[in-house]
Amino acid sequence: MARTNPSDADFPLAIREVMEAHPEPEPALRAILDDQGARARTRFAALYALLLRLRREERHAEYAAVVREHEAEFGSEPYFHTFRAIAARTRGDLASLRSAVEYSRHAVAAMPDVPAVVHQLAAFWVEYLERLETPQRTHDFDEVERHVDRAISLSQGRVAHYFETKGRVLALRGEFEAARSAVAQAIELEPRASRDYLRRLTQYQATRVRIDLMQERARWAQAHERFRTELAEFKAQQLQLLGLLAAVVAFIATAGNIASQAGGIYGIRLMLVASGAVGVVFGTFSLVNNSRVRRVAVAVVFGCALIGAGIFVPASWMS
């Protein structure tokens, strides 16, 4: 433990290497942590390793208890912001997850070049955005993706689960194929000899399923929105048709009344013009409603013929 220095950017990776080398490190870690005569740096490294162990095993209550127990002694350490963030995140509610994001921001501000710290902010932020019901601003996705890319760059692309977080960000953007590609890269990079391999693999497969579900939900939302648009257009068309029918009925009634008063050949002319006008109106309205052009053309031509007959055909032809 003495060789690990919290000020080094590779401190988290060094702790993980120590954990991998010892099958049951918890008793030794607790002994170092309880040894008040040990160097503070060594005791803090033991605390970090112990908390890592508790987090891997999802012993959330113990994790929070250890953080509270040692906060007075180590609370000024920049890494302690990450411990507070993890403890807040394990409480499960949305407000606590938001607190985890804020604690992680403080950690990044204190240690901007530590990839694990930068990634933690991105991971918690992604989880927070995933749980929100309302769509978020593109700016939020840009910020998260920027932190993920920075974590990947700082770690030289060697840490597999950073790519899984990248995939989750891309899925939130709606870039589902790119998201699947990022998760596949995470699966390929994950060390087979690691104790976390099966846990990580399960996590990656769950993310793949989540991406599929998000894509299906996006497709359903698009189909629903398209249906709502078509329904609104159909309602508008029906209202237009009803208005047109009312106008036509009024027009026919008026024309019939005038024709009955005019009598004789002039009444016939007026009825021909009225019938032709109705044919032209309904023909053009059918064209607006995407009817076949040929059928519409026939109706319009026939209506125009009736109008022409009523206006131009000599009265002698109708007698």
Side-chain angles (χ1 to χ4, degrees), residues 3-21 45 48-49 51-53 55-56 78-79 81-82 85-86 89 100-101 104-130 138-212 214-215:
R3 71 183 182 87
T4 56
N5 189 338
S7 63
D8 294 338
D10 291 334
F11 173 75
L13 292 177
I15 293 294
R16 283 168 171 76
E17 290 176 2
V18 172
M19 295 285 287
E20 291 292 334
Y48 188 105
L51 291 174
L52 176 61
R53 168 86 172 190
R55 184 185 181 188
R56 281 178 169 178
Y79 272 108
H81 291 303
T82 67
I86 295 169
R89 181 249 183 187
V101 173
S104 298
R105 286 184 188 274
H106 293 310
V108 171
M111 297 175 290
D113 297 325
V114 179
V117 174
V118 177
H119 172 262
Q120 179 178 284
L121 171 58
F124 288 172
W125 202 345
V126 166
E127 186 174 353
Y128 175 77
L129 295 175
E130 287 173 339
T138 304
H139 172 74
D140 292 326
F141 300 144
D142 292 341
E143 283 291 304
V144 177
E145 189 169 7
R146 182 173 64 83
H147 282 89
V148 174
D149 290 341
R150 177 163 175 76
I152 293 173
S153 176
L154 289 171
S155 63
Q156 299 177 351
R158 295 176 298 171
V159 184
H161 63 276
Y162 293 2
F163 290 94
E164 186 245 358
T165 303
K166 171 83 170 181
R168 291 166 64 186
V169 179
L170 293 171
L172 287 175
R173 286 186 175 277
E175 301 175 20
F176 301 110
E177 291 304 320
R180 291 189 184 93
S181 178
V183 175
Q185 192 169 2
I187 293 174
E188 184 177 351
L189 287 174
E190 189 64 37
R192 270 53 173 177
S194 171
R195 293 183 194 174
D196 286 339
Y197 177 70
L198 293 179
R199 180 174 67 88
R200 293 287 190 193
L201 191 62
T202 302
Q203 176 182 329
Y204 301 154
Q205 296 296 350
T207 299
R208 275 180 163 175
V209 172
R210 187 187 301 115
I211 292 170
D212 291 340
M214 291 175 68
Q215 185 173 20

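For the numbers below, each heavy atom of this structure counts, side chains included, while hydrogens, waters and symmetry mates do not.
- Of all the heavy atoms in Val169 and Phe141, the pair that sits closest is CG1-O, 4.0 Å.
- Panel note: side chain Thr202, backbone Leu198; a donor-acceptor pair is recorded below 3.5 Å.
- Looking at Glu190 and Gln203, their side chains never come closer than 4.5 Å, going by heavy atoms from C-beta outward.
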Check step by step if side chain to side chain contact (heavy atoms under 4.5 Å, CB included) holds for Glu130 and Arg210.
CA-CA 10 Å; Glu130 287 173 339; Arg210 187 187 301 115; 4.1 Å; yes
Side chain to side chain contact (heavy atoms under 4.5 Å, CB included) for Arg105 and His81? Distances and angles first, verdict last.
CA-CA 9 Å; Arg105 286 184 188 274; His81 291 303; over 6 Å; no
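- The OG atom of Ser181 sits 10.5 Å away from the NZ atom of Lys166 when rounded to the nearest 0.5 Å.
- Between atom CG of residue Asp113 and atom CE of residue Met111 there is a gap of 10.5 Å, rounded to the nearest 0.5 Å.
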Show which side-chain atoms of residues 118-125 pair as donor or acceptor with protein atoms under 3.5 Å away, not counting sequence neighbours.
{"residue": "His119", "atom": "NE2", "partner": "Thr165", "partner atom": "OG1", "Å": "2.7"}
{"residue": "Gln120", "atom": "NE2", "partner": "Ser104", "partner atom": "OG", "Å": "3.2"}

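- For the pair Tyr204 and Val183, the tightest heavy-atom approach, listed with the atom from each and the gap, is O-CG1, 3.6 Å.
- Contact detail for Tyr197 and Arg192: the closest heavy-atom pair is OH-NE, 3.4 Å.
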Should Leu170 and Glu145 be marked as a side chain to side chain contact (heavy atoms under 4.5 Å, CB included) after you check the CA-CA gap, both sets of side-chain angles, and the distance that decides it?
CA-CA 8 Å; Leu170 293 171; Glu145 189 169 7; 3.8 Å; yes
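- A heavy-atom distance below 4.5 Å is not found between the side chains of Phe163 and Ile187.
- Between Leu172 and Met214, some side-chain heavy-atom pair lies under the 4.5 Å cut-off.
- To the nearest 0.5 Å, atoms CD1 (Ile152) and CD (Gln185) are separated by 7.5 Å.
- Under a 3.5 Å cut-off, the side chain of Arg200 and the backbone N or O of Pro191 do not form any donor-acceptor pair.
- Applying the side-chain contact (heavy atoms from CB on, under 4.5 Å) test to Ser155 and every residue at least two apart in sequence or in another chain returns Pro115, Val159, Tyr162.
- Ala186 approaches Glu164 most closely through the heavy-atom pair CB-N, 3.8 Å.
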Side chain to side chain contact (heavy atoms under 4.5 Å, CB included) evaluation trace for Arg180 with Asp212:
CA-CA 9 Å; Arg180 291 189 184 93; Asp212 291 340; 2.8 Å; yes
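- Here the closest non-hydrogen pair linking Ile211 and Ala179 is CD1-CB, 3.7 Å.
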